[in-house]
Novice: 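Sharing a structure, written as structure tokens. Questions coming.
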Protein chains: 2
Amino acid sequence: MADDTRTRILTATGELFRRQGYNGTSLSQVSTAAPATIGSIYHFFPGGKEALAAAVIDSTGSVYRELFEAIVAESDDVVSAFVNFFEGAALVLTESDYIDPCPIGTVAREVASTSEPLRQAADAVFDSWVRSATEVLVGAGIDPPHAADLANLFVAMTEGCFVLSRTKRSPEPLRAAARLVGPLIASALEEGGARTSRTSERGARRVRGIR
Amino acid sequence: MADDTRTRILTATGELFRRQGYNGTSLSQVSTAAPATIGSIYHFFPGGKEALAAAVIDSTGSVYRELFEAIVAESDDVVSAFVNFFEGAALVLTESDYIDPCPIGTVAREVASTSEPLRQAADAVFDSWVRSATEVLVGAGIDPPHAADLANLFVAMTEGCFVLSRTKRSPEPLRAAARLVGPLIASALEEGGARTSRTSERGARRVRGIR
DNA sequence: GTCTATAATTTGATAGAC
DNA sequence: GTCTATCAAATTATAGAC
């Protein structure tokens, strides 16, 4: 199941998007990288390149939301969860020779003005990430409007640090984010009058249940 | 001078990059948008599309660094300078129908793995932005290592919010950043033991002098 | 489901007249 | 400096045999 043709096409396309973006990736590259013939690509994605990209955005978006929620579930408290996220991202980026960790941000920026279906697919993914982070922060005691702002900032920081770290070929921007995000969340917890900064057991169970 | 052929080509290319990125923009589109013939493009940029993109990155990078420094010079204090920056960006984005405000972030992500000259050009621009913001923050009394982290975060927030706001077709992500950046800088000023949060006169003059 | 062949168009780039 | 004509190669997409 893990390497049926459709999955191979999706995986190969995601990796090519991470290196070259949407317009920089051709279907012939996907065909050789998968590997799969052009005919197979159109068999599984009759909508062509645009439909393939939409499927890549959807599946990558789910994987990364689950990754974030797994980190939250495994962390001792909310503050260290966010710190762990950025430190983990810094590690992944270095080990992958600075291939972009997220194909969605690149593709979104490329096509937001030229492909409404892809823009909406990327929008739905970012929204699901913001909602997931908001839930975690609200569950820790931060009041909803402030939590939503912080969740928005969290996703923006992530995407922005990917741009900087990838361009610089250095994990430093992500490390700087890791250093700053802890105090930022911690002070929000104090203002919110949270009784404790630890992730509630109920919240952790809910998060685990999603996987 | 403002509309000589070379400048027209640079401006048109920058706008096309903002809508479609690097790989999504063809030289024939540049030719009709400038307007200028293909021959003229290769006359001014013998290195072809890649050299043209490098020139766009350089000039756009300077313009935006000067814009940031102008906002700093015109703001009453450092905190409101950063708030004003994000609120201004939110306004610009809405008025431009969510065309990406920054062609550099898009192009950098597209080509960081495939064009070393363009990756380096984008890297130099981001570095100049981080250095400029660091100077401002240090000038306000924040100790240099913390100021460098905050400057890094500032540029990452900007790029990340551009991705989100453009994809969502809403100024909200930039507005959320505007709401959070004030307290963030303010608390750094307190920790740094700054005597005042106002931009020092010396700092403001230095910033003006750069233009 | 997989494969080859191919259609129709566009791409970046060059040559050379003016 | 500007323009037209043109090259070779690559692009998305389709048709149809197996």
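Proteins get letters first, then strands, A, B, ... in listed order; numbering begins at 1 in each. The figures here come from the full heavy-atom set of this structure, side chains too, leaving out hydrogens, waters and symmetry mates.
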Novice: With under 30° as parallel and over 60° as perpendicular, where do the rings of Phe86(B) and Phe154(B) fit, or are they tilted in between?
Specialist: perpendicular

Novice: If you take all heavy atoms of Ser165(B) and Tyr98(B), which pair is closest and at what distance?
Specialist: O-CD2, 3.8 Å

Novice: Where along residues 20-37 of chain B does a heavy atom come under 4.0 Å from DNA chain D, residue by residue in number order?
Specialist: Thr37(B)

Novice: Any carboxylate oxygen within less than 4.0 angstrom of a Lys/Arg side-chain nitrogen, looking at Asp149(B) and Arg175(A)?
Specialist: no

Novice: Please report, rounded to the nearest Å, how far the C1' atom of dT2(C) is from the CD1 atom of Ile9(A).
Specialist: 11 Å

Novice: Considering only NZ, NE, NH1 and NH2 on the basic side and carboxylate oxygens on the acidic side, decide whether Glu135(A) and Arg131(A) come within less than 4.0 Å.
Specialist: no

Novice: Mind listing the residues from residues 41-57 of chain A sitting with a heavy atom below 4.0 Å of DNA chain D? Number order is fine.
Specialist: Tyr42(A), Gly48(A), Lys49(A)

Novice: For the pair Arg18(B) and Glu15(B), find out whether any cationic side-chain nitrogen is under 4.0 Å from an anionic carboxylate oxygen.
Specialist: no

Novice: Quick one: do Arg169(A) and Glu116(B) make a salt bridge, cutoff under 4.0 Å?
Specialist: no

Novice: State, yes or no, whether a side-chain contact exists between Ser113(B) and Ile99(A) at a heavy-atom distance under 4.5 Å.
Specialist: yes

Novice: Closest approach of Ile142(B) and Ala147(B), non-hydrogen atoms and distance?
Specialist: CG2-N, 3.7 Å

Novice: Using a cut-off of less than 4.0 Å, is there contact between a side-chain N or O of Ser40(A) and OP1 or OP2 of dT2(C)?
Specialist: yes

